[in-house]
Structure formats: C-alpha cells, structure tokens
Amino acid sequence: MSENDSDLESELGFSPENIWEEIEDEKQEEIFTFAKDYIDFLSSSKTERKSVEESEKILRENSFKDISEYDELKAGDKVYMINRHKSLAAAVIGEEELTKGCNIVASHIDAPRLDLKARPLYEDKEASVALLQTHYYGGIKKYQWVNTPLAVHGRVVKENGTPVDITIGEDPEDPVFVISDLLPHLSRKKQGERKMPKVIKGEELNILIAGTPIDDEDVENKVKTNVLKLLNDEYGITEEDLTSAELEIVPAGKCRDVGLDKSMVGGYAHDDRVCAYSSLRALTEIDAPEKTALVLFFDKEEIGSEGNTGANSDFLLTVYSKLLNKYKGTYNMQEHRIMLDNSKAISGDVSPGLNPSFKDVHDVQNASSLGKGLVITKFTGSGGKFSGNDAHAEYVALIRRIFNENDIPWQTAELGKVDEGGGGTVAKFLANLNIDVVDIGIPLLGMHSPFEVISKADLYYLCEGYRNFLKAE
Ligand code: MN
Ligand code: MN
C-alpha cells in the first residue's frame, strides 16, 4: 500500500485507536488522580443507599442544596432531590428558560448482588453451622459468588420505624462471610453434569454466618440462637426485625488497580456506578450552562427498572414539576410537556468490552475495547432490537459533533453478535417521555461479576464527555 492510500484510508475510514498512545505524562497523572477519587467513591458505595449518601456529600461540598432549601430557582442555582434514599436528581439551572429543556445524563446505582430472604437465618445441625439464605438480585452467574469474601450492607427497620444500619466486612478488622462451593474431589457427578446456570443453584447460595453454640442447655437451635444473641447485643434487633430489612450481600473489600501499568481498575459494581460518579463529577464542574444540566440516578435497573425508585416510575416527572414550580412560581402541564420535548439525554451505562478469550460472542468490528474511549450504543435490545432503545440518526450526529469538537475519544458497539444475547438500559423509559436519548458509557470486562474491570483512560474521558454534553447549547 502506498503512502497516499494509507492517508486516504485514515481520511475516509473510521477506526478508533487505543487512546493511551496519545496520552502525555502530565495527562496520565490527571487520569490516575481522577481514578483514585473514583476508587474511593466506589469502595464506599456498595449499595444504592450508600451511593446516594456519598453522592449527597459530594453535592453539598460543591454548593448544591436540597430543593426544599430554595424558595425560588434561578439561573446558576445548584439543586438536588432524593427519592426514598435510592434515586437522585441533581441539576445546575441554565441561563436559558427552563422550558427549553434539560441536558440529562441518567444512570443507575443498583447492582447485581445477593439479598437476604425475609426469614434468612437457619441452623444446619449436621454441618454444625448457622447460615443465611439469599435470593439473588439481577443477572448474576451464580458460580462466581462462591468461595469469595463477602460483606453485608444494609438497613433493618424496627417495628417502631427506627432504622438500624449495618455494615460488616469492609474494615480489615471485620469478619467476612462466604458461600462454600463443593470440593473438586466430590463434584464430578454432582456439578459436572449440570449446565452452567445451575453449577450453583439459587437455593445453594447460603452464607456461612457462625459456628459457635450459645451456652444454654434449654435452647434447641444453639448456633442460630447465638447469632440472634450477637445481633441483638450489637444492633438491638430480633429475628422478626429481619422481615423489614434490606440486607445486601456484596463482595468485601476495596476496588483496586489492575495490571502492571496500573492502567485499569477492578472492583464491584462499576456497572453502573462508573457512569453515575462520572456524571456527578461532571455536573459539579459546571457553573453557568446554557441549558439546565441534570444528572439522574435510578434504582432497580438490574431488575427491569420497576418500582417507585426505578426509571419506569414518575420520578422524573416529579423532578420536572418541582423544578418548574420553583422556577416559575406556577406550574402547568403544557410547560411541563414542552420542557420534556426539548430535553436531550444520555443514558449512561456500561458496554461489554471485547473479551480476549471469548471474542466469538462479539462482532469484533461492532464491539468496544478497553482504552478506546466512550462507547456510543445507538441501539440496544435483543432478538431484533426487541424492547430496546434506538436513537435517531440526527441525535447521534449531534452527540458525535459534541465529542469531536471537544476531543473526546469514542467508539461504537452493540451488545454482542446478532442473536447472541442482548439487553437494555434506562434509555427507553426516557424515550417514552419524548426525550431524545442514546446510550453512552465505557467498556467493561467481567460485567455483573464480583470484580469488574475498566480502563482509567476511558473513565477519565467519560467524565469529560458527560461534562461537554451537559453544558452543550
Ligand atoms: Mn447491569
Ligand atoms: Mn448497567
């Protein structure tokens, strides 16, 4: 190939490159510093409740106030709303009239995990231990959750309404919990003949919690009662209190650098807290946007966006009505509709990175790779885009323009080969409100596993990309 041909190829072709090649030392330092802040956030945000708590701290440090603290809203005001500790909206009011719409980045802060059943605690007398029964949440490969240290996070609410927050397994001095898999010596038949989804079955996801009996002759279930005694001494709760609780079992420990070059971050629940954190950081760096910049965190995406904290609820409508009311002093449905029609959104969610050992599930030309920047996913869904979001060409062109004008590296992807599988995000629920929306996140390896991996370069540019979109005209 002559030199001219090669120029022609780069002029006419589209081929995203590894962005580390272009990154100078100074930029690398910035990228690593951003990743460090993110690692701190992710390590202390193991549940949707904690993600909201940590985010509220960041918002308040950056002069955002709860909407109840404002009598009226005007350009430049920084405001947030929290719904039931699990979903959040934060905005910087724009210079343009509010009915001109918002630039939105919406993501989700729930993540696959194991939840405790309502009556989780039991004693196995033959095995001489007490265990907790679980019901998994979201799409997990169950075999990945055994033989790995687990922590418990969550809230128990007593009958009188008093909340009791519990976190065990994160402090190095804390004990951790574990689900023990069967040893290889005895699993050839038992598990060897099962198919992958059933190598570990849902009812086998039982967590070891204790092994010592209570010192009381009259008690029948001595180990179980000992657990109840320990819980009562420490938290003042009873077995019945566990029926009104949300206790989530998640991988224990902090997330950390991956690779000799430390170019990646491994940890639990990058999906989708990486998009949530990046959009929040982007919002805190915006002062006087043209349009109102709005960041949304939803719950329940991993189980279909249902419920009053999920994206399929009226939470966004409530947010809009509250913003309008405080901005205009009045509220009417017509203005509300116009504000929705004029809004533009990014559904911030992660994309499956090309897995080097399983490339054949991807169409390589339409897959994303770690370190090649943000991923624009024009359409989602499965089995012929079914139940997905498909962004309009005009809208994707606008996004390309924003990214190209601001030197944001980007690539495109779809979720695997045609008919290989598929999935969706919160995008379609925003589209239902007549908002233009497209999925944009970064590639991830090991999605929904206890230790997902992202590239620090992608992470850095994710925040940059979101910031440029949020403050776009
Ligand atoms: Mn997910
Ligand atoms: Mn997701």
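Counting starts at 1 for both ligands and their atoms, in listed order. Keep in mind that this is a model prediction, so the values were computed, not measured.
Partner of H448 under the side-chain hydrogen bond (donor to acceptor under 3.5 Å, both in side chains) criterion, out of K141, E302, Q144: E302 alone.
Using a cutoff of 4.0 Å between basic side-chain nitrogens and carboxylate oxygens, K385 and D390 are scored as salt-bridged. R49 and E54 are not joined by a salt bridge, as no carboxylate oxygen comes within less than 4.0 angstrom of a charged side-chain nitrogen.
Note on the Mn ion (ligand 1): protein N/O/S atoms under 2.8 Å are D271 OD2, E302 OE1, E302 OE2, H448 NE2.
Cation-pi check for K262 over F32 is not met; the charged atom does not lie both under 6.0 angstrom from the ring centroid and within 45 degrees of its normal. For the pair K142 and Y136, the cation-pi criterion (under 6.0 Å, within 45° of the ring axis) is fulfilled.
Aromatic ring pairs are classed by plane angle as parallel below 30°, tilted from 30° to 60° and perpendicular above 60°; the pair H270 and Y38 is parallel.
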